[in-house]
Each structure stands twice: as structure tokens, then as C-alpha cells.
Amino acid sequence: MLLPIITYPNKLLKQVSSDVALFDTQLHAFLDDMYATMIESNGIGLAAIQVAMPIRALILCIPDEEGNQESTNILEIINPIIQNPRGRMTYQEGCLSVPGFYEDIERYEFLTLRYHNRHGVVCTLHADDLLSIAIQHEMDHLEGKLFIDRLSYSRRKKFEKEHKKALKEKK
Ligand code: QAP
Ligand code: CO
């Protein structure tokens, strides 16, 4: 089932999400819906709050070297904790909740992630490059934060101006 994606400036995106306690069939069905929704929208990452569910769950599907998004590469990450973040890198980010806007954001290049999979099993993952960036982007959503919240004052002002104009042209 496809779910509607909430877009900026919807206030729901500011909500802090809560830990997942039950790793049941209802959660599995929701994760499957998130995956279908993300693929349909040409996304590589989606947090539960983007489809109005304030739980600490996110999915990622990073394209391989050829740019193919294999369904076997899907990561379902629940109640994540970042350990040992290091290095810095800049990447031009976008977000399904801020469609049509892309900005350079600096984040950690490497990190270790502790999380639960859909069955509640504790997993560890070592991430670098785009996977590391995507994890940090999606984990910001769990805190009610968007990538545009990380822009400098002047770049944010420029974004708001362009966003206002884009909304007007859509109507
Ligand atoms: C988050 O973003 C991300 O504006 C995932 O028109 C972004 O999937 C992680 C998308 C960059 C790491 C690096 C955005 C699709 C998808 C749009 C996305 C759009 C269509 C964004
Ligand atoms: Co996003």
C-alpha cells in the first residue's frame, strides 16, 4: 500500500519520534508500505515520520556502482544509535519531504550504527560515504529535523524565498 508523503512546512515533520517496542506483523506491514512508497517516489531513504508515523524507524536503499537500486540492498533500521562518528564530508542532499530542493550539507564521513532489525535483533553496521550521509539525514528526521534546518542563516533565507516562489507557481 502506498502512503502519502508529508512535505515541508507540515508541522508533523518537527515531531520527535518514539522508540519502537513491538516487532510484530503490523510493524512489518508498515515497513513494506514504506518501501513501496519510497521506490514509487524515486527515493533512497525514508523515515517513518515522513509518512506521518512518529516511530524511530527508517529505511534505506542505496544504489550500487551501476546506479541500480537492488531490493536486496534494503536496510530497515529501528531505534538506531550512532557510535564513533568521524571524518567530515559534504554532499548535495535532497529529501522526499522537500521535493525539488538540493543543498550542500556537511556531515560525518564514517560511523558505526547500532540498531534493531524488523525482528528486534540488535545489529551493527559500519557505514561510510553516501550510506553514512543517508543514515544521518534519516536520523535527523527522528529528531524532527530536516536538512534545511542545517543551512546557515543566509542560505536558509534564500531557501525560504525560493520555496515560497515554488509553492506559488504550483498553485
Ligand atoms: C535522503 O533522499 C538523502 O527532491 C534521501 O524531487 C539524500 O531519497 C540521503 C527525492 C541525499 C543521502 C543523500 C528528492 C526524489 C529523493 C526530490 C531522497 C525529488 C525526488 C530524496
Ligand atoms: Co529526508
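Both ligands and their constituent atoms are indexed starting at 1 by order of listing. Because only heavy atoms are used, hydrogens play no part in the values below, and waters and symmetry mates are left out as well, while side chains stay in.
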Within the 4.0 Å heavy-atom cut-off, what Met38 brings close to ligand 1 is neither
Heavy-atom distances under 4.0 Å are what count here, so tell me which part of Leu130 touches ligand 1: side chain, backbone, both or neither. side chain
Looking only at protein heavy atoms, identify the closest one to atom 7 (C) of ligand 1 and say how far it is in Å. Gly94 O, 3.3 Å
Identity and separation of the nearest protein heavy atom to atom 8 (O) of ligand 1: Ile44 N, 2.8 Å
Tyr102 to ligand 1: N or O pair under 3.5 Å? yes
For [X], counting its heavy atoms only, list the atoms of ligand 1 lying under 4.0 Å from any of them.
X: Tyr91; result: 13 (C)
X: Gly45; result: 5 (C), 8 (O)
X: Ser41; result: 15 (C)
X: Pro99; result: 4 (O)
X: Leu96; result: 10 (C), 15 (C), 16 (C), 21 (C)
X: Glu138; result: 1 (C), 5 (C)
X: Gly100; result: 4 (O), 6 (O), 17 (C)

Given Ala134, Gly43, Cys95, which one has a non-hydrogen atom that is nearest to atom 9 (C) of ligand 1? Ala134
Assess the pair Tyr8 and Phe159: is the distance between their ring centroids shorter than 6.0 Å? yes
Determine yes or no for a side-chain-to-main-chain donor-acceptor pair under 3.5 angstrom, with Glu138 supplying the side chain and Leu58 the backbone. no
Donor-acceptor check, side chain of Ser97 to backbone of Gln50, threshold 3.5 angstrom: yes or no? no
Cation-pi, Phe23 ring and Arg118 (6.0 angstrom, 45 degrees): no
With a 4.5 Å limit on heavy-atom distance, are the side chains of [X] and [Y] in contact?
X: Thr124; Y: Leu113; result: no
X: Ile44; Y: Gln69; result: yes
X: Leu146; Y: Asp140; result: no

Do NZ/NE/NH1/NH2 and the carboxylate oxygens of Glu109 and Arg86 come within less than 4.0 Å? no
Cationic N near anionic O, under 4.0 Å, Glu143 to Arg56: yes
Where the Co ion (ligand 2) is the centre, what is the NE2-to-NE2 angle for His137 and His141, rounded to 10°? 110°
